[in-house]
Amino acid sequence: VQLQACGGGLVQAGGSLRLSCAASGRSFMSYGLDWFRQAPGKEREFVAGISWSGSSTAYADSVKGRFTISRDNAKNTVYLQMNSLKPEDAAVYYCAAEYLSGGSYDYTPVPNGMEYWGKGTQVTVSS
C-alpha cells in the first residue's frame, strides 16, 4: 500500500496551494482519506478528512473556510485545496487512510487511528 503526497512548496501568505495524494495497493472503499500536518517541535495534528463517498468531511477549526478536501475515487486520489495560507500553516503535510466504520466523521481523527500513512510534503508560507 502506498500513499504518495505531492504539491507542497513555498508560497507567500495569502496564497494558495493544492496538495494531492495518490493511493494504491488496495481498495480504499469504506476508507476515509485524511490530511495531517506537523510543524517543527509540534505534534502531528489533523487537518481534514473525507469519507469514501465524499458525503462526509471534517476539518480542523484552524482551517475551516480556507481549506477544502475532495477525492476522486476513479483515480484513488485525495486533494487538499489550501487558500488564504498563513505562516502558521507551514508544516509537513501527510496523507493517511483509516477504515471509516460508520462512513462518516463523527469524531476528530487522531494519528494513532490511521492504518496507512504516506510520506509528507513540505509546505512553507512566507510572511
Side-chain angles (χ1 to χ4, degrees):
V1 173
Q2 277 194 325
L3 300 175
Q4 185 68 47
C6 63
L10 172 63
V11 64
Q12 287 188 330
S16 298
L17 281 175
R18 189 176 84 149
L19 306 183
S20 300
C21 177
S24 62
R26 66 156 296 151
S27 168
F28 286 91
M29 184 178 293
S30 298
Y31 274 73
L33 292 178
D34 304 325
W35 288 97
F36 286 77
R37 66 187 181 188
Q38 188 167 20
K42 295 188 176 181
E43 294 186 350
R44 193 168 296 189
E45 63 175 0
F46 172 74
V47 176
I50 187 167
S51 64
W52 165 258
S53 67
S55 63
S56 179
T57 57
Y59 294 92
D61 288 343
S62 58
V63 307
K64 281 180 182 176
R66 301 188 297 121
F67 291 10
T68 302
I69 190 170
S70 60
R71 70 190 283 172
D72 182 340
N73 288 335
K75 297 181 179 179
N76 268 352
T77 299
V78 61
Y79 304 96
L80 186 67
Q81 178 66 43
M82 305 186 295
N83 299 329
S84 302
L85 281 161
K86 304 175 181 179
E88 52 263 43
D89 293 318
V92 177
Y93 282 70
Y94 299 89
C95 61
E98 58 173 324
Y99 181 74
L100 213 54
S101 60
S104 64
Y105 287 89
D106 53 5
Y107 60 93
T108 299
V110 294
N112 286 347
M114 299 300 108
E115 187 170 344
Y116 303 106
W117 286 95
K119 294 182 180 179
T121 185
Q122 178 72 49
V123 172
T124 303
V125 184
S126 63
S127 56

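Predicted, not measured: the structure shown is a model, and the values here were computed from it. In this chain, residues are counted from 1 in sequence order.
Summarising the local packing, CD of Gln2 is surrounded by 12 or fewer heavy atoms from other residues, nucleotides or ligands at distances under 6.0 Å. Shown here is Glu88, whose CD atom has more than 12 heavy atoms of other residues, nucleotides or ligands within 6.0 Å.
Of the possible donor and acceptor atoms, none in the side chain of Arg44 sits under 3.5 Å from a partner among the backbone N and O of Pro111. The backbone N or O of Asp106 sits nowhere less than 3.5 Å from a side-chain atom of Ser104 that would complete a donor-acceptor pair. The backbone N or O of Gly7 lies less than 3.5 Å from no partner atom in the side chain of Arg18, so there is not a single donor-acceptor pair. Proximity of a side-chain donor or acceptor of Tyr105 to a complementary backbone N or O of Ile50 within less than 3.5 Å is detected. Between the side chain of Thr77 and the backbone N or O of Lys75, at least one donor-acceptor pair lies under 3.5 Å. Counting only distance, with no hydrogens or angles, the side chain of Arg66 and the backbone of Ser84 share a donor-acceptor pair below 3.5 Å.
Residues Tyr59 and Val123 fall within the same hydrophobic cluster, defined by Ile, Leu, Val, Met, Phe, Trp and Tyr side chains chained together at heavy-atom separations under 4.5 Å. Under the 4.5 Å side-chain heavy-atom criterion for ILVMFWY residues, a single connected hydrophobic cluster contains both Tyr99 and Leu3. Side-chain heavy atoms closer than 4.5 Å link hydrophobic residues (I, L, V, M, F, W, Y) into clusters, and following such links, even through other members, never connects Tyr31 to Tyr79. Under a hydrophobic-cluster definition in which Ile, Leu, Val, Met, Phe, Trp and Tyr are linked whenever side-chain heavy atoms come within less than 4.5 Å, directly or via other members, Phe46 and Val92 are assigned to the same cluster. Transitive grouping of hydrophobic side chains (ILVMFWY, heavy atoms separated by less than 4.5 Å) brings Ile69 and Leu33 into a common cluster.
Separation of atoms CG (Asn76) and OG (Ser27) is listed at 7.5 Å; rounding is to 0.5 Å. Of the inter-residue distances, the one linking Thr121 atom OG1 with Gln4 atom CD reads 9.0 Å to the nearest 0.5 angstrom. Taking NZ of Lys86 as the reference point, atom OG of Ser127 lies at 14.0 Å (rounded to 0.5 Å).
Leu100 and Ser51 make their closest contact through CD2-CB, 3.6 Å (heavy atoms, listed as atom of the first residue, atom of the second, distance). A pairwise comparison of heavy atoms in Leu80 and Ala48 identifies CD1-CB, 4.0 Å as the closest pair. For Asp34 against Pro109, the heavy-atom pair with the smallest separation is OD2-CB, 4.0 Å. Among all heavy-atom pairs drawn from Trp35 and Ser20, the shortest one is CH2-O, 3.6 Å. Nearest heavy atom pair, residue Val125 against residue Pro87, reads CG1-N, 3.7 Å. Here the shortest heavy-atom pairing between Ala90 and Ala39 reads O-CB, 3.8 Å.
Ring-plane geometry between Phe28 and Tyr116 is classed as perpendicular, the angle between the planes exceeding 60 degrees on a 0 to 90 degree scale with a lower cut at 30. Note: Trp117 and Tyr94 have perpendicular aromatic rings, judged against thresholds of 30 and 60 degrees for the angle between ring planes.
In this structure, Arg37 and Asp89 have side chains that are in contact, with non-hydrogen atoms separated by less than 4.5 Å. In this structure, the side chains of Phe67 and Leu17 stay at 4.5 Å or more apart for every pair of heavy atoms.
On the SG-SG cut-off of under 2.5 Å, Cys6 and Cys21 do not qualify.
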